[in-house]
**Student:** 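Got a structure for you, questions after.
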Amino acid sequence: MPIATVNPATGETLKTYDPLGEEEIERRLATAEAAFRHHRTTSFAERAQLLHRAADLLEADAQDIGRIMTTEMGKPVKQARAEAAKCAKAMRWYADHAEELLADEEGAEADAEDSGASRVLVRYRPLGPVLAVMPWNFPLWQVVRFAAPALMAGNVGLLKHASNVPQTALYLEDLFRRAGYPEGCFQTLLIGSGAVEDILRDPRVRAATLTGSEPAGRSVASVAGDEIKKTVLELGGSDPYVVMPSADLDRAVSTAVTARVQNNGQSCIAAKRFIVHTDVFESFAERFTAAMEALTVGDPLDEGTDVGPVATEQGRDDLVELVDDAIESGATVLCGGELPEGDGWYYPPTVLADITPEMRIHHEETFGPVATLYRAADLDEAVAIANDSPFGLSSNVWTRDEAETGRFVRDLEAGGVFLNGMTASHPAFPFGGIKRSGYGRELSGHGIREFCNITTVWHGA
Ligand code: NAP
């Protein structure tokens, strides 16, 4: 894929970039290693000052970087600005909490004595340069939720961003430079995915994190495994959204729409499969479909737009294939499902019912504004449908029944259970999945410790 900004609202190529050559990559790796030697010795207070400054700059830039993101990948511009604000908040959270999250842990006296020590400490030390392979869908957020904890822990970052968001990728490097980080603490490598393997095999790179598709995750994890390097993988999702009879249906419907179409339906944690108890199925289906049909689809730079185009032509083609396969196999179209005419890679909000396990859409991720509806006879069937997926990122449940709540929390196979609301990330809480949604966690104390050398410091008696 060429490294280029192609506006998904028009199909027009706005900017292209040459990928870095071998010499430049070598220079960048050497710079990262040198930067790490210094950065690892800095205090939490020094690191926090830099990250707070980056947060201030990002907030001031929200309008401009918002427009850039929108022209690169098509998200509604108001959502792009909100993404910038969310990133600034996460930076501040890590700047304020990293020292406490990574404080030395004193081993219990009795255990220390039992091991023959006068004292045992657990210390969290940084690992070194970490390679981050990132996707285009939240082009700022995905990077910041890696970079903020990594930099606070004393690591340095090497970003290989998706090839369709080069301007946002370069903006991030510039942001950290302007905030005062020494050269090499955070670098953007404009490279294609073919260049990732050699960089990952380089001994100066100590670990990798990838957010993206299953094939990309498999490829990076196998190389890292071969090199015995730590990885965190945040991959796809097909989150269930369960609605039980006791739910507040008004809120369940309006939240369902946002949960499905935010970011033009291209979010790993978007609700994608709507599993509705038979007692409220008709009512939910009717109201949800009406609300999906009422959304404003159009130019993502317009403030009134709810749903913009799919980010790439390939992405829209994949969506069309999945929907067409479902329709040919007997799915009922409640709304949408037809490709619009005109420029750009638009796809209408679509609701499909009568989904069966034979359809590709039952097992694959729909990355666009397409919802599938399932009818469940009872709680057991709702759980069974929800878990019948190769993915296990997050899950959403609407019920006001306490016993049901307990069952869902116990039985849903996912890295999150969001009750009477929709899945969203927050810097203080762990984020990540199981099954083919990946492994490891981002955000919170769990996220910052993923790329730390957890060191036992044993003092002889
Ligand atoms: P993608 O094609 O996998 O791309 C993600 C990143 O991986 C890009 O930088 C891409 O570079 C790179 N890449 C692709 N193939 C690679 C390979 N074989 N070796 C090394 N790097 C490779 O994914 P996408 O289509 O951009 O993003 C959508 C996917 O990301 C969805 O499945 C979504 O659910 C998932 N996602 C997950 C989370 C989460 O937190 N779990 C969050 C957001 C998105 P190029 O652009 O140069 O190909």
Side-chain angles (χ1 to χ4, degrees), residues 1-6 8 17 19-20 72-75 83 131-146 158-166 168-169 172 188-201 205 208-224 226 231-239 262-272 310-319 322 364-368 389-394 414-416 423-425 430-443 447 450:
M1 201 199 284
I3 299 174
T5 299
V6 182
Y17 297 82
L20 299 183
E72 291 206 300
M73 52 67 66
K75 73 172 63 204
E83 184 173 334
L131 175 66
V133 182
M134 291 291 147
W136 46 264
N137 62 340
F138 291 94
L140 273 186
W141 171 245
Q142 306 293 354
V143 179
V144 165
R145 79 179 183 187
F146 147 74
L158 290 161
L159 168 66
K160 182 269 177 274
H161 217 326
S163 293
N164 58 329
V165 290
T168 310
L172 280 156
T188 288
L189 307 176
L190 286 186
I191 50 171
S193 57
V196 167
E197 176 167 350
D198 284 351
I199 294 172
L200 188 48
R201 287 194 188 279
V205 173
T209 179
L210 179 138
T211 301
S213 61
E214 222 182 298
R218 188 173 296 118
S219 165
V220 164
S222 9
V223 174
D226 194 39
T231 48
V232 167
L233 297 184
E234 297 284 4
L235 308 180
S238 187
D239 290 357
Q262 68 160 348
N263 212 41
N264 305 338
Q266 303 161 112
S267 167
C268 52
I269 48 166
K272 291 171 187 143
V310 173
T312 62
E313 191 168 21
Q314 182 64 50
R316 187 175 73 164
D317 289 349
D318 293 346
L319 201 59
L322 273 185
E364 295 182 31
E365 181 180 25
T366 46
F367 227 50
S389 166
F391 300 108
L393 193 51
S394 189
T423 299
S425 52
F431 182 96
I434 57 167
K435 295 159 84 176
R436 297 210 167 183
S437 293
Y439 52 73
R441 289 293 178 266
E442 292 196 283
L443 302 177
E450 289 281 5

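When a ligand or atom number is given, it counts from 1 through the structure's own listing order. Heavy atoms only: backbone and side chains are in, while hydrogens, waters and symmetry mates are out.
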**Student:** Numbering the atoms of ligand 1 from 1, which are under 4.0 Å from a heavy atom of N137?
**Tutor:** 43 (C), 44 (C)

**Student:** Can you figure out which of S213, G192, P215, A216 has its heavy atom closest to atom 23 (O) of ligand 1?
**Tutor:** S213

**Student:** So which protein heavy atom does atom 21 (N) of ligand 1 come closest to, and at what separation?
**Tutor:** S193 CB, 3.6 Å

**Student:** What is the nearest protein non-hydrogen atom to atom 17 (C) of ligand 1, stated with its residue, atom name and distance?
**Tutor:** S219 OG, 3.8 Å

**Student:** Does an N or O anywhere in S163 fall below 3.5 Å from an N or O of ligand 1?
**Tutor:** yes

**Student:** Calculate, to the nearest 0.5 Å, the distance between atoms CD and OG1 belonging to E234 and T209 respectively.
**Tutor:** 6.5 Å

**Student:** OG/S213 to CZ/F367 distance, rounded to the nearest 0.5 angstrom?
**Tutor:** 9.5 Å

**Student:** Should you measure from each heavy atom of H161, which atoms of ligand 1 turn up under 4.0 Å away?
**Tutor:** 9 (O)

**Student:** Are a donor atom and an acceptor atom from the side chains of Y439 and T231 found within less than 3.5 Å of each other?
**Tutor:** yes

**Student:** Could you tell me if the side chain of D226 sits less than 4.5 Å from the side chain of R201, heavy atoms only?
**Tutor:** yes

**Student:** Out of the candidates L189, L210, V223, L131, only one should pair with V196 under the side-chain contact (heavy atoms from CB on, under 4.5 Å) rule; please name it.
**Tutor:** L131

**Student:** Short list, please: which atoms of ligand 1 are under 4.0 Å from a heavy atom of T211?
**Tutor:** 5 (C), 36 (N), 37 (C), 38 (C), 39 (C), 40 (O), 42 (C), 43 (C), 44 (C)

**Student:** Which of the atoms in ligand 1, numbered in the order shown and given with their element, are less than 4.0 Å from a heavy-atom of V133?
**Tutor:** 6 (C), 7 (O), 9 (O), 12 (C), 21 (N)

**Student:** I need the minimum non-hydrogen distance between G74 and P8, along with the two atoms involved.
**Tutor:** N-CG, 3.5 Å

**Student:** Are the side chains of R218 and L233 in contact, using a 4.5 Å heavy-atom criterion?
**Tutor:** no

**Student:** Starting from atom 20 (C) of ligand 1, locate the nearest protein heavy atom and write down its residue, its atom name and how far away it is, to 0.1 Å.
**Tutor:** V220 CG2, 3.6 Å

**Student:** Examine the proximity of ligand 1 to Q266 and report which part, side chain or backbone, both or neither, has a heavy atom under 4.0 Å away.
**Tutor:** neither

**Student:** Who gets closest to atom 40 (O) of ligand 1 by heavy atom: K160, R145, Q142, E214?
**Tutor:** R145

**Student:** So do H161 and T188 actually touch side chain to side chain, heavy atoms under 4.5 Å?
**Tutor:** no

**Student:** For K160 and I199: C-alpha separation, side-chain torsions, deciding distance, then whether side-chain contact (heavy atoms from CB on, under 4.5 Å) applies.
**Tutor:** CA-CA 10 Å; K160 182 269 177 274; I199 294 172; over 6 Å; no

**Student:** Can you give me the closest heavy-atom contact between S437 and G237, atom names plus distance?
**Tutor:** OG-CA, 4.1 Å

**Student:** Note the single closest protein heavy atom to atom 9 (O) of ligand 1, along with its residue, its atom name and the distance in Å.
**Tutor:** M134 O, 2.8 Å

**Student:** Should you measure from each heavy atom of L393, which atoms of ligand 1 turn up under 4.0 Å away?
**Tutor:** 41 (N)

**Student:** Tell me the protein heavy atom at minimum distance from atom 26 (O) of ligand 1, and give that distance in Å.
**Tutor:** W136 NE1, 2.7 Å

**Student:** Could you identify the single nearest non-hydrogen protein atom to atom 35 (C) of ligand 1 and state the distance to 0.1 Å?
**Tutor:** G212 O, 3.2 Å

**Student:** So which heavy atom in the protein is nearest atom 38 (C) of ligand 1, and how far is it from that ligand atom?
**Tutor:** C268 SG, 2.9 Å

**Student:** Closest non-hydrogen protein atom to atom 33 (C) of ligand 1, residue and atom name please, with distance?
**Tutor:** F367 CZ, 3.3 Å

**Student:** Are side-chain heavy atoms of T312 and M73 found at a separation under 4.5 Å?
**Tutor:** no

**Student:** Please confirm whether F431 comes under 4.0 Å of ligand 1, counting heavy atoms of the residue only.
**Tutor:** yes

